[in-house]
Amino acid sequence: MGDLMDRKFMLTPRNLLYAFIIAVVPFVAVCGVSVIPAKLRYPAIVAVGAVCIFIALFLQKKITFDGITVPLILLCGMILLSSFYSVAPSDTMEYLIVYCCFTAFVLVDFPEKFYDRVITVIKAVCLVIGISIILSVFIEDFILKYFSFIINPNNRAEIVYSIHSEINNAHAFSGLAKERAEAAYIMNVGIAIMFAKYFSGNKFKTGDVIMLGIFVAALFLTNKRTLFVVPVVCFLVFMLFSKIKSKVLKFSVILLIALCAFAVLSIFVTQLNNVFYRLFVSDRSDYLNGRKTLWIYSFNMFAQNPILGRGFASYNAFANAHGLRVKGEEWNYFGHNCYFEVLGEVGIVGAIIFLIAFSVPLILTFRMLLSVKQSKKYSAMLFLSLYIQLMFFIYSLSGNVIYYNQQVMLWFFAIALTRFVRMKQRENDYGGLTLRDRIYE
């Protein structure tokens, strides 16, 4: 009877709203850029934002202003301000809505099991995409043959061409993610979850080792250099923070096994040699792949208005108005360096607000891992948050992180993880009890 009552208790408006967000966050963050996720991503974000605002105002009935939430709110205010002078006001307003929705997500005090379930779903999606990447190596046209209803439901020739071009020209595979940079980002998320489990001291089982191997192998097959560096950097950082015993020896053994496996597989899988060549041997002089040309427009924006910039997310409009063309087409893929682009779009004032909004959670995450003894569960949350934040700070050097909604969603999710652990610490310090965490099962 008690079990039945618990199950009935689950069917509350609050928990149904939680279930909706648990489904939508992974859909937005890690489902790739195939047709269905691409078309539904923006309305899904708006829906999550609306639900979070409803929960905060009418169910939670309070909004906590702290060192994490206040800078995020100021960030939204800065984007709103820039919309009044932006050279692309409609684009600025679209991103204002997105950032407000994600800020609303951070403002909600979700229970612990909410985060557990979101992470579980994200890991499952990453695993499916990772397996699809590996199978694409061994089965010719695997994705187009068996998953065209997801990747290319309208049989568009340009999609077929882009997938074949990745394989034949870049020697890269993206699987169900559809695009190799997106696939590499998603594999990093999977690695982040596994690293977080291991370095927090949780028992690492055989299945976990296999899963980590799938994510690493799939990341390697995406042939993205910057995102390949991320797990190496995070691994070295985590070594400093982790308190697990014999961590260097254990991971040295894992690394040795991985290298041996790669050496054996490269004999039978020629694509691995191609990937290795591009990542480590290629003698190309332009490692920036033409990004310096794109950065010039960010510098020009900054020169025109160094204090407030030319409007958030206005890079494409500005660059096209000043003659940027690629193969005769207008450019719609931003500036490929978030630091330069932010300076150009929102100037020194906006750049400072951006830096505070995203640096404060990172500093707090570092500080909690260093100074406070955590449970294994909370340590795993902090390590996951740290990996995601470090990844995006690194990737912002050459990517468009703050302009790709799926990556912004995950960044705000990481910030929410840090805020959750911080609030739990404060509750423990003051003897607070959270009833919702005990009854939400």
Side-chain angles (χ1 to χ4, degrees), residues 14 17-18 21-22 24-26 28-29 45 48-49 51-53 55-57 59-77 98-119 122 189 192-193 196 200 241 353-393 402 407-430 432-437 440:
R14 184 193 296 268
L17 293 174
Y18 287 165
I21 301 174
I22 288 169
V24 173
V25 169
V28 169
I45 290 169
V48 166
V51 169
C52 289
I53 291 171
I55 292 173
L57 294 180
L59 299 181
Q60 184 174 297
K61 296 182 179 179
K62 68 181 179 70
I63 294 176
T64 303
F65 298 102
D66 54 34
I68 291 178
T69 57
V70 169
L72 293 178
I73 293 171
L74 288 175
L75 178 62
C76 294
V98 167
Y99 274 79
C100 285
C101 289
F102 292 151
T103 299
F105 176 83
V106 177
L107 288 171
V108 175
D109 299 331
F110 292 110
E112 182 178 313
K113 289 191 175 181
F114 167 87
Y115 292 105
D116 291 342
R117 289 169 183 176
V118 172
I119 293 169
I122 288 176
V189 178
I193 294 172
S200 61
F241 286 90
I353 294 174
F354 255 101
L355 184 63
I356 293 172
F358 288 110
S359 294
V360 167
L362 180 64
I363 293 168
L364 288 173
T365 307
F366 272 120
R367 194 170 74 180
M368 285 189 285
L369 282 170
L370 276 173
S371 62
V372 182
K373 183 176 177 55
Q374 308 286 346
S375 67
K376 290 181 179 180
K377 173 64 71 64
Y378 292 165
S379 290
M381 286 183 169
L382 289 174
F383 275 118
L384 176 57
S385 175
L386 180 59
Y387 188 111
I388 292 169
Q389 292 180 74
L390 287 175
M391 172 172 66
F392 288 143
F393 270 104
I402 61 174
Q407 295 177 18
V408 182
M409 170 81 260
L410 193 69
W411 202 337
F412 274 71
F413 178 75
I415 291 172
L417 285 174
T418 293
R419 181 172 179 265
F420 169 80
V421 176
R422 186 168 183 249
M423 291 178 67
K424 283 297 180 183
Q425 286 182 352
R426 289 181 170 181
E427 287 177 7
N428 291 335
D429 290 342
Y430 293 100
L433 297 175
T434 305
L435 179 62
R436 182 168 67 257
D437 282 335
Y440 179 63

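Numbering of residues begins at 1 and proceeds along the displayed sequence. Only heavy atoms go into these numbers, but all of them, side chains included; no hydrogens, no water, no symmetry mates.
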Cys52 side chain near Ile21 side chain, heavy-atom distance below 4.5 Å: yes
Point-to-point distance, once rounded to the nearest 0.5 Å, from CZ of Arg14 to CG of Leu59: 5.0 Å
Euclidean distance, Phe114 CZ relative to Asp109 CG, rounded to 0.5 Å: 11.5 Å
Under 3.5 Å donor-acceptor, Arg419 side chain and Val106 backbone: yes
Contact check, side chains of Met381 and Glu112, non-hydrogen atoms, under 4.5 Å: yes
Candidate pair Phe110 and Tyr18, rule ring-ring contact (aromatic ring centres under 6.0 Å, His included), full reasoning: CA-CA 8 Å; Phe110 292 110; Tyr18 287 165; 5.5 Å; yes
Salt bridge (charged side-chain N to carboxylate O under 4.0 Å, His left out) partners for Lys376, two or more places apart: none
Mutual orientation of the aromatic rings belonging to Trp411 and Phe358 [parallel < 30°, tilted 30-60°, perpendicular > 60°]: tilted
Test item: Leu386 and Thr418 side chains (from C-beta on) under 4.5 Å apart, heavy atoms: no
Side-chain donor/acceptor of Thr103 to backbone N/O of Tyr99, under 3.5 Å: yes
Value rounded to 0.5 Å, distance of CG in Asp66 from CG in Leu364: 9.0 Å
Minimum-distance pair of heavy atoms, taken over all atoms of Ala29 and Met409: CB-CG, 4.1 Å
Heavy-atom pair with the smallest gap, counting every atom of Ala414 and Ser385: O-OG, 2.8 Å
Side-chain heavy-atom pair Val24, Ile45 within 4.5 angstrom cut-off: no
Smallest separation among heavy atoms of Phe105 and Ala416, with atom names: CE2-CB, 3.8 Å
Distance in Å, Leu410 CG paired with Ile415 CD1, rounded so as to fall on 0.5 Å steps: 10.5 Å
Side-chain donor or acceptor of Ser200 paired with backbone N/O of Phe383 under 3.5 Å: no
Sub-4.5 Å side-chain heavy-atom contact between Tyr115 and Val421: no
Beyond-backbone contact of Lys113 with Asp116, side-chain heavy atoms, under 4.5 angstrom: yes
Stepwise side-chain contact (heavy atoms from CB on, under 4.5 Å) test for Leu390 and Phe366: CA-CA 11 Å; Leu390 287 175; Phe366 272 120; 4.2 Å; yes
Closest non-hydrogen atom pair between Ala357 and Leu75, with its separation: CB-CD2, 4.2 Å
Val28 side chain near Val48 side chain, heavy-atom distance below 4.5 Å: no
Interatomic distance, Leu362 atom CG to Arg367 atom CZ [nearest 0.5 angstrom]: 12.5 Å
Residues which pass salt bridge (charged side-chain N to carboxylate O under 4.0 Å, His left out) with Lys61, listed by chain and number, not counting sequence neighbours: none
Residue pair Thr69 / Thr64, side-chain heavy-atom distance below 4.5 Å: no
Side-chain donor or acceptor of Gln60 paired with backbone N/O of Leu107 under 3.5 Å: yes
Interatomic spacing from CD in Gln407 to CE in Met391 - rounded to 0.5 Å: 7.0 Å
Heavy-atom pair of closest approach, residues Ala104 and Gly49: CB-O, 4.1 Å
Minimal non-hydrogen separation, Ile119 against Ile193, with atom names: O-CD1, 3.9 Å
